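Order of appearance sets the numbers: ligands from 1, and atoms from 1 within every ligand. In this text, all values refer to a predicted model and were calculated from it rather than measured experimentally.
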Amino acid sequence: MRQKLEQLKSDFTSAIEQISSEEALEALRVEYLGRRGKLGELLSGLKDLSAEDKKEIGPFANQIKQELEAGFARKHAELMQELAGEKAQSEWIDITAPGIEPVNGNLHLTTQAIQEVVSIFNQLGFIRVRHPEIDWDYYAFESLNMPKDHAARDEWETFFIADGNKVMEGEKGKVVLTPHTSNGQVREIEKGYLPIRMMNINKTYRRQSDVTHVPMFHQFEGLLIDKGVTIAQLKGVFDFFVKRFFGPEREVRLRPHHFRFTEPSFELDISCNLCGGSAKIAGKKCRMCKQGWLELGGAGMVHPNVLHAGGLDPKEYNGFAFGWGVERTLMMKSGMNIDDIRILYKNDLRFLKQF
Ligand code: FA5
């Protein structure tokens with residue numbers, strides 16, 4: 001029995017040396033130490049020994065068992081360590097290496113300008129609203145004191161929607177792509193909340209395309225209606241905006257003009273940022289402004305007929321309104337150096353990525 005046990009141990013010791021995987025080790029464990037393993041089989045012969053032999057072989061058999069178990073545990077630990085070493089090699093990552101930067105988009109210049117305009121006018125209590133971008137003739141023209149067939153409408157070079165009334169129910173004339181955001185004026189008054197400090201910003205459309213015009217552009221329309229509103233307040237609002245948007249050095253001027261929906265009316269020009277107000281670049285006429293100033297928008301005191309159209313009594317309420325082009329305004333920001341408005345919508349990433 002003693003010899004058999006010693007033989008078993010030596011077989012186990014040489015077998016375990018050949019083992020190189022966890023699975024093979026487990027198989028060896030089952031073969032020797034399992035319930036029906038070689039050691040168990042040998043020990044089942046103990047019962048046939050004499051009491052004296054049992055006394056001697058019993059502890060020896062126990063010692064062999066412990067040695068096999070210890071050998072198994074040692075090999076197991078060895079294998080685990082090898083495995084961890086291999087993993088460390090194959091799955092190594094350098095956590096200090098710089099990451100891969102995700103491709104980031106950025107807001108279009110026009111959107112950035114709109115956000116800035118909104119935040120400046122917010123400080124004066126003007127709240128952004130949205131009125132339709134496709135609207136009836138009534139709001140775009142008629143309610144603004146421009147009766148049907150009036151010559152003033154020609155200036156707006158408007159796109160009309162063929163059969164527009166088939167898609168928009170209503171009795172307010174033809175359907176147009178709004179040529180200006182002034183369609184929001186009577187719509188805002190009709191809401192019935194007074195006083196009004198509206199900032200309507202939207203896309204607008206006209207049949208025009210050259211260095212200072214695009215067929216689709218944006219306007220921001222301010223409307224203030226209250227009691228006892230003055231032109232001085234309108235000028236104050238412009239000064240506030242211009243200083244914040246363009247900086248303190250830039251010059252603006254109000255020029256008398258004529259709009260059917262304001263009386264008196266003005267246009268607002270800014271000293272051209274491209275030629276520095278000199279009207280010349282390298283001895284040639286500035287192709288952006290041609291005269292040192294660029295028109296940014298129109299303004300004036302709301303015409304009594306417009307107040308009437310919205311259901312207000314002009315003897316009680318008055319106000320001012322203004323509508324500026326967003327693209328022109330952003331182009332005139334210092335340092336912009338954009339000499340053709342159409343570049344904004346050419347989808348040229350080399351240009352757009354700069355902002
Ligand atoms: C108007 O559209 C008036 N509704 C403005 C107004 C509002 C006057 C409220 C009084 C009271 P005007 O047609 O001048 O006015 O256009 C205003 C501004 O929109 C222009 O000064 C210019 O900055 C911009 N704009 C007009 N047409 C285009 C265009 N095709 N492309 C880019 N910007 C344009």
Side-chain angles (χ1 to χ4, degrees), residues 109-110 113-114 117 126 131 133 135 139-146 152-159 176-189 196 198-225 229 231 234-235 237-238 241-242 245-246 252-270 272-273 288-289 293-307 310 318-333 338 340-345:
L109 256 185
T110 306
I114 289 174
V117 167
F126 286 82
H131 288 295
E133 183 183 318
D135 209 350
Y139 289 111
F141 294 115
E142 218 175 319
S143 68
L144 296 175
N145 200 28
M146 282 185 272
R153 290 169 168 233
D154 295 347
E155 288 167 30
W156 271 269
E157 304 198 43
T158 311
F159 294 103
V176 303
L177 292 185
T178 49
H180 56 175
T181 41
S182 299
N183 68 314
Q185 291 189 16
V186 169
R187 281 187 171 276
E188 189 69 20
I189 300 172
I196 291 170
M198 171 193 89
M199 177 59 25
N200 176 31
I201 308 186
N202 224 335
K203 289 198 197 77
T204 40
Y205 305 85
R206 294 183 197 181
R207 255 188 90 222
Q208 299 168 338
S209 178
D210 58 40
V211 289
T212 52
H213 295 87
V214 270
M216 186 286 299
F217 58 105
H218 296 73
Q219 284 190 340
F220 58 95
E221 181 100 4
L223 176 70
L224 186 141
I225 305 283
V229 180
I231 295 177
L234 169 64
K235 278 203 74 186
V237 166
F238 280 179
F241 175 75
V242 165
F245 194 89
F246 298 106
V252 287
R253 67 175 188 193
L254 276 183
R255 225 175 348 99
H257 192 71
H258 176 73
F259 290 106
R260 290 278 303 177
F261 38 95
T262 44
E263 183 59 38
S265 303
F266 314 96
E267 274 191 331
L268 180 127
D269 302 331
I270 188 160
C272 179
N273 142 56
M288 174 61 62
C289 68
W293 297 92
L294 186 75
E295 174 204 319
L296 292 184
M301 301 305 285
V302 178
H303 196 286
N305 289 355
V306 175
L307 295 168
N318 75 336
F320 58 73
F322 54 90
W324 295 27
V326 173
E327 289 80 358
R328 293 251 190 112
T329 304
L330 80 88
M331 280 163 62
M332 283 295 111
K333 217 174 168 59
I338 298 174
D340 188 331
I341 193 171
R342 292 168 294 193
I343 184 90
L344 290 169
Y345 299 118

Sorted by chain and number, sequence neighbours left out, side chain to side chain contact (heavy atoms under 4.5 Å, CB included) with Ser265 holds for Phe259, Thr262
In terms of ring plane angle, is the pair Phe261 and His180 parallel, tilted or perpendicular, where the classes change at 30° and 60°?
perpendicular
Amino acids contacting ligand 1, non-hydrogen cut-off under 4.0 Å
Trp156, His180, Ser182, Gln185, Arg206, Gln208, Thr212, His213, Val214, Phe217, Gln219, Glu221, Phe259, Phe261, Thr262, Glu267, Glu295, Leu296, Gly297, Gly298, Ala299, Ala321, Phe322, Gly323, Gly325, Arg328, Ile341
Taking only residues two or more places apart in sequence, or in another chain, which ones meet Arg206 in a salt bridge (charged side-chain N to carboxylate O under 4.0 Å, His left out)?
none
Partner set under salt bridge (charged side-chain N to carboxylate O under 4.0 Å, His left out) for Arg260, not counting sequence neighbours:
none
Glu221 and side-chain contact (heavy atoms from CB on, under 4.5 Å): which partner among His131, Glu188, Met198?
Met198
What do you reckon, are the aromatic ring centroids of Phe241 and Phe220 less than 6.0 Å apart?
yes
